[in-house]
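Note sheet for the following structure.
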2 protein chains.
Amino acid sequence: MARATINDVATSAGVSTATVSRLLNGLNVSSGTADRIWKAVAELDYTPNALTRGVFAGRSSTIGVIIRDLDSPYYLELMRGIEEAATAHDSLVMFANTFSRVDREWAHVQKMDEQRVRGLILTTGPDSDARARRMAAAGTPCVIVGRAADLSPNLHSISLDNIKAGQLIGGHLLACGRSSIAVITMGNREQGILRIRGLRSVLNEHDIELPDSAVRAVEAKEEVFTAIAELLADARANGSPIDAVVCMSDLLTRHIYEALHKLGRRVPDDVGLIAVGDFDWAETLGMTVIAQPTYEMGLEAATLIVTAPQEPVRIVQEPRLIVRRSCGEE
Amino acid sequence: MARATINDVATSAGVSTATVSRLLNGLNVSSGTADRIWKAVAELDYTPNALTRGVFAGRSSTIGVIIRDLDSPYYLELMRGIEEAATAHDSLVMFANTFSRVDREWAHVQKMDEQRVRGLILTTGPDSDARARRMAAAGTPCVIVGRAADLSPNLHSISLDNIKAGQLIGGHLLACGRSSIAVITMGNREQGILRIRGLRSVLNEHDIELPDSAVRAVEAKEEVFTAIAELLADARANGSPIDAVVCMSDLLTRHIYEALHKLGRRVPDDVGLIAVGDFDWAETLGMTVIAQPTYEMGLEAATLIVTAPQEPVRIVQEPRLIVRRSCGEE
DNA sequence: TTGAAAGCGCTAACAG
DNA sequence: CTGTTAGCGCTTTCAA
């Protein structure tokens, strides 16, 4: 049951380990010797030890990914993109999920560093930026996905143009004749803040205000129903009933949709609904959304790791409006 | 930029590498020496090399996962479970996605073996079973998830009781007064076949037949619409219009739902709909489903790797019927 | 409690 | 084209 080593293969083929190593790495070996070695490899079921190779190279060929919380299909697409690029470059992907716990975040970055990953992709909040920056400085390329982080050597970022996303939303809503808008966002993340800023800018151009009271930052999905109920009630009390709800986080979309239904508001007849983040059922349900090229982001992130450009790179992706039915006609 | 090694730490602290190694591994070291070593570790930003440790141990502490196609939220849950258990045991998770290409499957198993993973979890089809069995025989625990594979030493399986799932479906449909049933399944996978068998058994007990013509195996989502349209038309022509559609694969659920809507059939008024595989929107849409404990399966799979029982283990999970509205009242 | 030395499985000069 | 030799960074006897 003991695994065959390169030594066993060499002995069995009657050559030195160096020759075996050379053959395995595609260097020149006479065809006779090669045959004997391959035969030995097959007989002994020899599988080279990537760990040892990594020791020698100073790093492994694995790409590390740290996910904040594997709770959204967004990550499915991102990981597919990463995996695709990694496989193309003969890399594997190692991932860790923090379950949104910041303390785990740091530990996972550390672990990835110990594994001597070829590069690290982070979808986490800014808490572990410092650690990532150290890794980057020490020579491990890092890519921060989703936020436009402060760059430094070897530290790149790929993010959505969040301002633009907000503007797209504003433009569409206006075009659909909706101007009394409520916004639901998740926590106080940078992404949401920028999207709201973009939305406001468009609204303001048309002399429409988006008062702070019309924006709710919830901490959890469970708060959505109450938030929506209050938003609708307040606006009605003010004499300007809401005619569109904007969802700034894909985690919340379903809950907003559900809340609206429970509150007896028909979409889009009574109220429009638009969300950031496309998803499978959106098509079926006719939900208008702002899509971000998630798969491509994964692809680019992994490619950045592999190509390891000297200068830090900041990639900003264009959001795309997908008009379906949930805001009515333009 | 060159990374500090254990040697650098030892030199800096004025001790031997052996002492540093001992401290790092929790063995006894006098407190004075320990202080000096920790100081050196901090100063040099020393991060132990897990690769080298793995070489020594003969294997890494990483758990490998091979996913057939990262296309379903099913995997999100599974991976969360795996990750949770792995983290609890101080392991990382390495994953590879085959994008449903069988040729990649073999290559990925090979790669995982080269990485000397602590254990391997496979969600793939039976094509790479042989390779996994070899790995298992060589001492790497393997867990096949989703299929009740033939067991051998170190090769375990975790699967759903698919027959039972089919029976649950049959029971519920009957209870809702539906007996003219159409089934859509994905390809010719074992899971689907067993589920249909379970469904038939219940139906037969009540002298109801499920003719082969009422069962369609599609190869891709795109075929769903046509399949549904034909199924409905055929049954109507036969004078026994379909009153329930069963979806045996979570990948197809949305497309069946959509096809039914496009064909003008209201759920559940005109036709009932029940699917294997729970999902977020199912709750919102009132879709009755058979849920499988995916997160728990991930948890158990990873735990099996870590505990590495000598005897092969076969875990069979109980499916659970979640009644919502899509089949009407019981 | 500590250090010297050997070695894990592999690669990379350097001769031959 | 091939073997010898010296490591990669770490762990683990074995003595001291």
Side-chain angles (χ1 to χ4, degrees), chain A residues 1-38 40-41 44-62 110-111 113-118 138-140, chain B residues 1-38 40-41 44-62 110-111 113-118 138-140:
Chain A
M1 215 178 84
R3 270 162 181 289
T5 71
I6 200 173
N7 234 302
D8 301 325
V9 174
T11 311
S12 162
V15 296
S16 75
T17 59
T19 305
V20 178
S21 172
R22 274 190 287 259
L23 177 63
L24 262 30
N25 290 293
L27 300 180
N28 275 340
V29 165
S30 75
S31 71
T33 338
D35 289 348
R36 291 213 313 286
I37 297 177
W38 284 128
V41 165
L44 300 172
D45 195 16
Y46 170 67
T47 310
N49 187 332
L51 262 25
T52 312
R53 284 185 164 163
V55 171
F56 216 83
R59 38 181 61 290
S60 81
S61 69
T62 303
Q110 171 75 18
K111 275 232 151 215
D113 198 8
E114 291 182 3
Q115 298 290 329
R116 297 293 189 266
V117 289
R118 177 175 187 171
T140 307
Chain B
M1 213 179 84
R3 273 162 179 287
T5 70
I6 200 172
N7 234 301
D8 301 325
V9 175
T11 312
S12 161
V15 296
S16 75
T17 59
T19 306
V20 178
S21 171
R22 274 189 288 258
L23 177 64
L24 262 29
N25 290 294
L27 299 182
N28 276 340
V29 165
S30 76
S31 73
T33 346
D35 289 349
R36 292 211 313 285
I37 297 177
W38 284 129
V41 165
L44 300 171
D45 193 16
Y46 171 66
T47 310
N49 187 333
L51 262 25
T52 311
R53 284 187 164 163
V55 171
F56 221 90
R59 37 181 59 295
S60 81
S61 69
T62 303
Q110 171 76 17
K111 275 231 151 216
D113 198 8
E114 291 181 3
Q115 298 289 328
R116 297 294 189 265
V117 290
R118 178 176 187 170
T140 306

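Atoms considered below: every heavy atom in the structure, side chains included; atoms not considered: hydrogens, waters and symmetry mates. So you know, we letter chains A, B, ... as the sequences are listed, proteins then strands, and number each from 1.
- Judged as a salt bridge (Lys or Arg N to Asp or Glu O under 4.0 Å), and not counting sequence neighbours, the contacts of B/D45 are A/R134.
- Straight-line distance from the CG atom of A/D35 to the P atom of D/dC1: 14 Å, rounded to whole Å.
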Per-nucleotide protein contact along nucleotides 11-16 of chain C, 5' to 3', at a 4.0 Å heavy-atom cut-off (B base, S sugar-phosphate only, - neither), is BBB---

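- Checking A/R118, A/R116, A/R59 one by one against A/T140, the side-chain hydrogen bond (donor to acceptor under 3.5 Å, both in side chains) holds for a single residue, A/R59.
- Protein atom CZ of A/R59 is 21 Å distant from nucleotide atom P of C/dC10, rounded to whole Å.
- One finds a side-chain N or O of B/S30 lying less than 4.0 angstrom from the OP1 or OP2 phosphate oxygen of C/dT2.
- Taking atom CG of B/L23 as the reference point, atom P of C/dG3 lies 12 Å away to the nearest angstrom.
- A/T17 and A/A10 get closest at one heavy-atom pair: N-CB, 3.7 Å.
- Here the side chain of A/V15 is nearest to one of D/dG9, C/dT1, D/dG3, namely D/dG3.
- Direction of the helix axis in the helix from C/dT1-D/dA16 to C/dG16-D/dC1 shifts by 30° between the two five-pair termini, rounded to 10°.
- B/S60 and B/Q115 make their closest contact through OG-O, 3.8 Å (heavy atoms, listed as atom of the first residue, atom of the second, distance).
- Between the side chains of A/R53 and A/S61, no donor-acceptor pair is found at a separation under 3.5 Å.
- The shortest non-hydrogen separation linking B/I6 to B/Y46 is N-CE1, 3.6 Å.
- The side chain of A/V55 approaches D/dC8 more closely than any other nucleotide in the set D/dC10, D/dC8, D/dG3.
- The CG atom of A/L51 sits 11 Å away from the C1' atom of C/dC8 (whole-angstrom rounding).
- Comparing A/A4 and B/G14 along DNA chain C, the residue whose closest nucleotide (by nearest heavy atom) sits nearer the 5' end is B/G14.
- One can place CG of A/N7 at 12 Å from C1' of C/dG7, the figure rounded to the nearest angstrom.
- Smallest separation of non-hydrogen atoms from B/D8 and B/R3: OD2-O, 3.9 Å.
- Atom CG of B/N28 is separated from atom C1' of C/dG3 by 16 Å (rounded to the nearest Å).
- For A/A34 against A/V29, the heavy-atom pair with the smallest separation is N-CG1, 3.8 Å.
- Between the side chain of A/N49 and the backbone N or O of A/L51 there is at least one donor-acceptor pair closer than 3.5 Å.
- The 5' end of DNA chain D is approached more closely, in terms of each residue's nearest nucleotide, by A/T33 than by the other of A/T33 and B/P48.
- Across the protein-nucleic acid pair, B/N49 atom CG and C/dC8 atom P stand 18 Å apart, rounded to whole Å.
- Protein atom CD1 of A/I37 is 11 Å distant from nucleotide atom C1' of D/dC1, rounded to whole Å.
- Taking side-chain N and O atoms only, B/T19 has a distance below 4.0 Å to OP1 or OP2 of C/dG3.
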